[in-house]
Amino acid sequence: MPIVTLHKNGHVYTDEVKAQTNLVVRAGIRQFPYPNLRYECGMGKCSKCACRVLSGAEHLPPPNWKEKKQLGERLEQGFRLVCQLWIEHDIELEQPEAPPERPAAPAGTVGTTCT
């Protein structure tokens with residue numbers, strides 16, 4: 001079973017998860033990495049769950065269109081949307097203290113956190 005290591009706020013959290021695990025789904029039902037993983041919509045629309053992959057990226061599928069749209073240049077820095085990943089192998093993640101900034105909404109539009 002995969003080992004997940006999450007670095008956040010100077011702490012390291014590690015646990016074993018079943019293969020084909022989505023960490024945001026687990027956090028939503030109050031299993032590891034709850035309460036340490038920041039997330040919100042779980043659908044790739046808000047980017048609150050963005051984490052930098054420190055190791056294990058070679059086992060992940062290429063970024064999907066939601067990740068490309070939300071993360072943009074941060075993909076090159078190793079960031080991925082955890083809500084879009086189904087863990088099959090050991091992975092080490094780092095979640096920054098503040099969520100990555102999203103591009104500003106065009107003038108005249110109503111902004112929401114997760115639309």
Side-chain angles (χ1 to χ4, degrees):
M1 294 199 318
I3 302 291
V4 176
T5 303
L6 175 66
H7 297 261
K8 185 163 180 188
N9 299 330
H11 299 282
V12 179
Y13 308 95
T14 302
D15 204 353
E16 188 174 62
V17 299
K18 292 181 181 178
Q20 277 295 311
T21 292
N22 181 286
L23 298 178
V24 169
V25 170
R26 282 181 58 92
I29 58 174
R30 298 178 188 248
Q31 295 179 345
F32 176 84
Y34 176 85
N36 303 301
L37 179 69
R38 181 184 55 252
Y39 66 96
E40 192 166 306
C41 75
M43 300 183 323
K45 294 182 178 183
C46 71
S47 75
K48 298 266 196 240
C49 67
C51 289
R52 189 166 59 96
V53 180
L54 302 177
S55 68
E58 68 274 13
H59 300 294
L60 298 175
N64 64 24
W65 68 271
K66 292 178 182 182
E67 291 181 283
K68 290 176 182 176
K69 179 179 177 184
Q70 290 297 326
L71 297 173
E73 293 177 4
R74 288 175 285 164
L75 283 169
E76 296 170 18
Q77 299 167 7
F79 280 88
R80 298 293 299 267
L81 296 180
V82 178
C83 69
Q84 299 298 297
L85 304 177
W86 295 89
I87 307 302
E88 291 278 353
H89 300 277
D90 294 356
I91 191 165
E92 187 171 2
L93 304 166
E94 177 185 46
Q95 190 170 51
E97 288 187 37
E101 292 184 26
R102 293 180 61 197
T109 61
V110 176
T112 59
T113 305
C114 285
T115 56

Flag, side chain of Q95 to backbone of K48, donor-acceptor distance under 3.5 Å = yes

Residues which pass side chain to side chain contact (heavy atoms under 4.5 Å, CB included) with Q77, listed by chain and number, not counting sequence neighbours = R74, F79

ask   = CD of E58: more than 12 outside heavy atoms within 6.0 angstrom?
value = yes

key: Any pair counted as salt bridge (Lys or Arg N to Asp or Glu O under 4.0 Å), so long as it reaches residues 19-36, sequence neighbours left out   = none

request  = Name all residues meeting the side chain to side chain contact (heavy atoms under 4.5 Å, CB included) criterion together with T14; count only those two or more places apart in sequence or in a different chain, and write none if there are none.
outcome  = I3, T5, V12

task = Could you walk me through whether N22 and I87 pass side-chain contact (heavy atoms from CB on, under 4.5 Å), step by step?
result = CA-CA 6 Å; N22 181 286; I87 307 302; over 6 Å; no

ask   = Quick one: does D15's side chain get under 4.5 Å of V4's, heavy atoms only?
value = no

hydrophobic_cluster_shared for L71 and L37, side chain cutoff 4.5 Å = no

ask   = Pairs in or reaching into residues 6-36: which pass ring-ring contact (aromatic ring centres under 6.0 Å, His included), with residues at least two apart or in two chains?
value = none

query = Side-chain contact, heavy-atom cut-off 4.5 Å: L75 with R80?
reply = yes

ask   = Are E94 and K8 ion-paired here, with the side-chain N under 4.0 Å from a carboxylate O?
value = no

ask   = So, R38 side chain and P96 main chain: donor-acceptor pair closer than 3.5 Å or not?
value = yes

ask   = Do E67 and L85 come close enough that some side-chain heavy atom pair is under 4.5 Å?
value = yes

ask   = Linking Ile, Leu, Val, Met, Phe, Trp and Tyr by side-chain heavy atoms under 4.5 Å, what else ends up with L54?
value = none

key: Qualifying residues under side chain to side chain contact (heavy atoms under 4.5 Å, CB included), relative to C83, sequence neighbours excluded   = V24, C49, L81

query = Are any of the side-chain heavy atoms of L23 and L93 separated by less than 4.5 Å?
reply = yes

query = Which atom pair, heavy atoms only, marks the closest approach of K18 to P2?
reply = C-CD, 3.9 Å

request  = Mind checking the NZ-NZ spacing from K69 to K45? Nearest 0.5 Å is all I need.
outcome  = 8.5 Å

inquiry  = Main chain of M43, side chain of K66: is a donor-acceptor contact present, judged purely on distance under 3.5 Å?
reply    = yes

